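Please read the structure below before turning to the comments.
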Amino acid sequence: MGQPESRERQGAAQSELPPGQRLQRGWPVTHYGPVPKFKPERWEFRVFGATADGDKHCWNHEEFSALPFETVVADLHCVTKFSMLGAEWGGVATRTIVELAPPAPEVTHVMVWAEYGFSSNLRLADFLCDQTLFATHNGGELLTAEHGFPLRLVVPHLYAWKGPKWVRGIEYMTADRRGFWEERGYHNIGDPWREQRYSYQEEPGDGPEL
């Protein structure tokens, strides 16, 4: 587990932290359930749902690894109240996937699917933000299994649970529906700067229509 940063550095970075967050040294391992075993011959990334052409699009691990590689420097804010600032992430930009497998015009949201049926819903606009990335690397090194290898989604402007580990694909949706943690009481959007932690904080329009 990482340790909280010194008081001096905490003060220096306070203006960069969302409300209620603390600066973290190191990278704590946080997830629900077991760490899946990676089997490259069985791994596949899928794009399905309301695609523009109506087809499912798939990449095996070798094909996905050959997609354009990008690096972004961005923060990670965990809803458990720790923040990592200025982390270097490397991988495939979400916009690259959307360019290769476009959504239908009426798509408003995506569901990100991960191992064991885990899911997280995102507005399409959040999914397409410039720094949103399917990460394979952190700090120039491959992700460890505990941190999401071979693939995790990084959505720096939202709480980290919106970017699942062990991602296997995305579903284009024409209406919003809640993902795994959103069904269990977490906020449907998860903006750390507005401290949107829990569903009871939601305002009209923040969640799917009943």
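Every heavy atom of this structure was used, including side-chain atoms; hydrogens, water molecules and symmetry mates were not. Only a predicted model underlies this, so the values are computations on that prediction, with no experimental measurement involved.
A centroid separation of less than 6.0 Å is found between the aromatic rings of F134 and F45.
The two residues F48 and K56 make their nearest non-hydrogen contact at CB-CG, 4.0 Å. Contact detail for G207 and D176: the closest heavy-atom pair is C-OD2, 4.3 Å. The shortest heavy-atom contact between F82 and Q21 is O-NE2, 3.0 Å. Summarising the geometry of Y198 relative to H187, their closest heavy-atom pair is O-CD2, 3.4 Å, with the distance given to 0.1 Å. Contact record, V47 with A101: CG1-CB, 4.0 Å, taken as the closest heavy-atom pair. Here the shortest heavy-atom pairing between Y159 and C78 reads CD2-C, 4.0 Å.
Side-chain contact of H157 with D126: a donor-acceptor pair under 3.5 Å is present, judged by distance alone.
Side chain of E99 to main chain of T96: no donor-acceptor pair is present (N/O by atom type, distance under 3.5 Å, no hydrogens or angles).
With rounding to the nearest 0.5 angstrom, the OG1 atom of T132 is 12.0 Å from the NZ atom of K162. Within the model, atoms CD1 of I170 and OG1 of T94 stand 8.0 Å from one another, a figure rounded to the nearest 0.5 Å. Note: N188 CG to Q201 CD = 12.5 Å, rounded to the nearest 0.5 Å. Within the model, atoms OG of S120 and CZ of F180 stand 11.0 Å from one another, a figure rounded to the nearest 0.5 Å. Note that the CG atom of L124 and the SG atom of C129 stand 10.0 Å from one another [nearest 0.5 Å]. Interatomic distance, F64 CZ to I97 CD1, rounded to the nearest 0.5 Å: 4.5 Å.
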Next item on the list: Evaluate the criterion salt bridge (charged side-chain N to carboxylate O under 4.0 Å, His left out) for residue pair R178 and E202; output intermediate values, then yes/no.
Entry: CA-CA 13 Å; R178 296 180 188 270; E202 289 176 11; 2.8 Å; yes
Item checked: Intermediate values then yes/no, side-chain contact (heavy atoms from CB on, under 4.5 Å), W89 and T136 -> CA-CA 8 Å; W89 306 95; T136 57; over 6 Å; no
Margin query: Evaluate L23 against L17 for side-chain contact (heavy atoms from CB on, under 4.5 Å), listing each step before the verdict.
Written below: CA-CA 7 Å; L23 191 61; L17 291 173; 4.3 Å; yes
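For the side-chain contact (heavy atoms from CB on, under 4.5 Å) test with P164, the passing option among L153, L151, V155 is L153; the others fail.
Look at K81 and E195 and you find no salt bridge, because none of the NZ, NE, NH1 or NH2 atoms lies under 4.0 Å from a carboxylate O.
Residues satisfying the side chain to side chain donor-acceptor pair (under 3.5 Å) criterion with D191, sequence neighbours excluded, are absent altogether. Applying the side-chain contact (heavy atoms from CB on, under 4.5 Å) test to E203 and every residue at least two apart in sequence or in another chain returns R194, D206. Contacts of Q131 classified as side chain to side chain donor-acceptor pair (under 3.5 Å), with partners at least two apart in sequence or in another chain: none.
V73 and L158 fall into different hydrophobic clusters, defined by Ile, Leu, Val, Met, Phe, Trp and Tyr side-chain heavy atoms under 4.5 Å apart, directly or through other members. F69 is not connected to V72 by any chain of hydrophobic side-chain contacts under 4.5 Å among Ile, Leu, Val, Met, Phe, Trp and Tyr, and they are in different clusters. Cluster annotation: L100 and V92 are assigned to the same hydrophobic cluster (Ile/Leu/Val/Met/Phe/Trp/Tyr, side-chain heavy-atom contacts under 4.5 Å, transitive).
At least one cation-pi condition fails for R152 and F149: the charged atom is not both under 6.0 angstrom from the six-membered ring centre and inside a 45 degree cone around its axis.
Between W181 and V79, every side-chain heavy-atom pair lies at or beyond the 4.5 Å cut-off.
In this structure, D130 places its CG atom where only 12 or fewer heavy-atom neighbours from other residues, nucleotides or ligands lie under 6.0 Å away. Under a cut-off of 6.0 angstrom, the local environment of CZ in R42 is sparse, with at most 12 non-hydrogen atoms contributed by other residues, nucleotides or ligands. Few gaps surround CD on E41; more than 12 heavy atoms of other groups in view lie less than 6.0 Å from it.
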Quick one: side chains of residues 102-116, donor-acceptor pairs under 3.5 Å with protein atoms, not counting sequence neighbours, listed by atom name and distance.
from : atom 1 : to   : atom 2 : distance (Å)
W113 : NE1    : E171 : OE1    : 3.0
E115 : OE2    : R168 : NH1    : 2.9

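Pairs passing the side-chain hydrogen bond (donor to acceptor under 3.5 Å, both in side chains) check and including a residue from residues 64-79, sequence neighbours excluded, read E70-R95, H77-S83. The side-chain hydrogen bond (donor to acceptor under 3.5 Å, both in side chains) pairs that include a residue from residues 43-55 are T51-D53, D53-H57, where partners are two or more places apart or lie in different chains.
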